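Per chain, numbering begins at 1; letters A, B, ... match sequence-line order. On a predicted model such as this, the values are computed, not experimentally measured, just so you know.
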2 protein chains.
Amino acid sequence: MNEHVHASADLTKNQALVMGALTRSDSPLSAYTILDQLRDDGFRAPLQVYRALDKLVEFGMVHRLESLNAFVACRHPRCDDHETVVFMICETCSRVQELSDDVLANRVAFLADEARFALKNTTVELRGICRSCQAA
Amino acid sequence: MNEHVHASADLTKNQALVMGALTRSDSPLSAYTILDQLRDDGFRAPLQVYRALDKLVEFGMVHRLESLNAFVACRHPRCDDHETVVFMICETCSRVQELSDDVLANRVAFLADEARFALKNTTVELRGICRSCQAA
DNA sequence: CGAGATTGCGTTACTTTATAACGTGTGCAA
DNA sequence: TTGCACACGTTATAAAGTAACGCAATCTCG
Ligand SMILES: [Zn+2]
Ligand SMILES: [Zn+2]
Ligand SMILES: [Zn+2]
Ligand SMILES: [Zn+2]
């Protein structure tokens, strides 16, 4: 059983609405942008969004981009290994590519180990220009 | 000439004050904490802090921790290679260890290259418990 | 030298991001 | 049925960051 796979049925109404907004978007959304998009669905206050986001992040269905204060739906090709994920954030089109890499993950684990650092969570965010934006 | 080494003489008064506050601290400081610490030195508004921080980050003397919305003085053992730096952030004592690692940096560069992503900036932040806090 | 540009600085007001605190309703289990 | 867990709604507030204005000191180059 894969712990971070949740059918829509598992989600509450608010969680499903927030998840829907993120899934529809092809770039990260701030909590307040989500709030604005969901006004017609009855959303009124930031907490409604933040509470749903907290759960979705906990489920592994959404990632928070620390350097952007924004959120993306998980687009992992394979849904395992959410330990060490790399985000490539395009500063031109603001689209985000998500990937996981064992070599990188292992190196991070090694460095932590070497420093006797009990690793709980890894953030890797790359800023730059994506392939298609370079063409232009 | 090493571009990010700046003698105190190079800094303006405000930059020196902010740098001093960060250097004295053994953990990251938010801009507003710095502001409070510098009230007696004449600081009144957030912008005074942010403007100094912008420059210090540009000089490479200060790093921004994205996952903390906070800032640390650079404590690089060797002052080169500010391209890819790893921060280990202790969630217990909130101290931060900074290190650079060529293997990790190369892997990041490789992944970016492979995706034809023009890499400008890399953020790697590890959350966990530091060595000395585990002992306790 | 002096006109124009650049840079740092100070202040007010403001925007964006995130939480605290309190109360409601629903389902479920002892 | 009573107690608990949990999602939800609302108001207010905290924390982080920026826009816009103007002033003064320092380059810089004709
Ligand atoms: Zn993912
Ligand atoms: Zn792009
Ligand atoms: Zn450094
Ligand atoms: Zn610690």
Side-chain angles (χ1 to χ4, degrees), chain A residues 6-22 25 27-59 61-72 89 91 94 123 125 127, chain B residues 6-22 25 27-59 61-72 89 91 94 96 121 123 125 127:
Chain A
H6 288 250
S8 303
D10 292 6
L11 300 179
T12 68
K13 185 182 165 222
N14 284 4
Q15 287 161 14
L17 286 167
V18 169
M19 192 66 204
L22 286 171
S25 172
S27 55
L29 299 178
S30 78
Y32 281 77
T33 302
I34 296 172
L35 175 58
D36 286 339
Q37 291 189 10
L38 296 180
R39 296 255 178 224
D40 292 345
D41 296 291
F43 274 54
R44 296 277 167 273
L47 256 193
Q48 296 176 282
V49 179
Y50 281 108
R51 289 203 271 231
L53 284 171
D54 283 349
K55 285 297 179 186
L56 292 170
V57 168
E58 186 186 319
F59 297 157
M61 301 172 72
V62 165
H63 299 290
R64 178 188 165 86
L65 296 174
E66 301 289 353
S67 66
L68 242 42
N69 293 334
F71 301 82
V72 279
I89 304 169
E91 293 182 334
S94 82
T123 298
E125 298 181 15
R127 312 296 292 267
Chain B
H6 288 252
S8 303
D10 292 8
L11 300 178
T12 67
K13 185 182 164 220
N14 284 4
Q15 287 162 14
L17 285 166
V18 169
M19 192 65 206
L22 286 170
S25 172
S27 56
L29 298 179
S30 78
Y32 281 76
T33 302
I34 295 172
L35 175 58
D36 285 340
Q37 291 189 10
L38 297 181
R39 296 256 179 224
D40 292 345
D41 297 291
F43 274 54
R44 297 277 167 273
L47 256 192
Q48 296 176 282
V49 178
Y50 281 109
R51 289 203 272 231
L53 284 171
D54 283 349
K55 284 297 178 184
L56 292 170
V57 168
E58 186 186 319
F59 297 157
M61 301 173 72
V62 165
H63 300 291
R64 178 191 166 85
L65 296 174
E66 302 289 353
S67 67
L68 242 42
N69 293 334
F71 301 82
V72 280
I89 303 169
E91 292 182 335
S94 83
V96 171
N121 186 272
T123 299
E125 298 180 15
R127 312 296 291 265

Give the C-alpha distance, both sets of side-chain angles, the deciding distance and a yes or no for side chain to side chain contact (heavy atoms under 4.5 Å, CB included) between B/Glu66 and A/Glu125.
CA-CA 10 Å; B/Glu66 302 289 353; A/Glu125 298 181 15; 5.6 Å; no

Taken to the nearest whole Å, CG/B/Asp36 to P/D/dA16 is 10 Å

Residue pairs, two or more places apart or on separate chains, that pass salt bridge (charged side-chain N to carboxylate O under 4.0 Å, His left out) and touch residues 33-49 of chain A:
A/Asp36-A/Arg39

Side-chain contact, heavy-atom cut-off 4.5 Å: B/Asn121 with A/Glu91?
no

Figure out the CG/P separation between B/Asp10 and C/dT7, and round it to whole Å.
15 Å

Please examine the side chains of B/Leu38 and B/Asn14, heavy atoms only from C-beta on, and report whether any two atoms are closer than 4.5 Å.
no

For a side chain to side chain contact (heavy atoms under 4.5 Å, CB included) check, start with the C-alpha distance between A/Thr12 and A/Lys55, then their side-chain angles and the critical distance, and finish with the verdict.
CA-CA 10 Å; A/Thr12 68; A/Lys55 285 297 179 186; over 6 Å; no

What bend angle does the helix from C/dC1-D/dG30 to C/dA30-D/dT1 show across its length, from five-pair end axes and to the nearest 10 degrees?
30°

Please report the C-alpha distance between A/Leu11 and A/Met19 in whole Å, then the side-chain angles of each, then the deciding distance to 0.1 Å, and finally whether the side chain to side chain contact (heavy atoms under 4.5 Å, CB included) criterion is met.
CA-CA 9 Å; A/Leu11 300 179; A/Met19 192 66 204; 4.2 Å; yes

Its contact letters, B for base, S for sugar-phosphate only and - for none at protein heavy atoms under 4.0 Å, make nucleotides 10-26 of chain C read BBB----BBBBB-----

For B/Thr12 and C/dC9, is the shortest distance between a side-chain N/O and OP1 or OP2 below 4.0 Å?
yes

Could you go through the side chain to side chain contact (heavy atoms under 4.5 Å, CB included) check for A/Asn69 and B/Asn69 one step at a time?
CA-CA 10 Å; A/Asn69 293 334; B/Asn69 293 334; 4.2 Å; yes

Exactly one of B/Tyr50, B/Phe71, B/Phe43 clears side-chain contact (heavy atoms from CB on, under 4.5 Å) with B/Val18, and that residue is B/Phe43

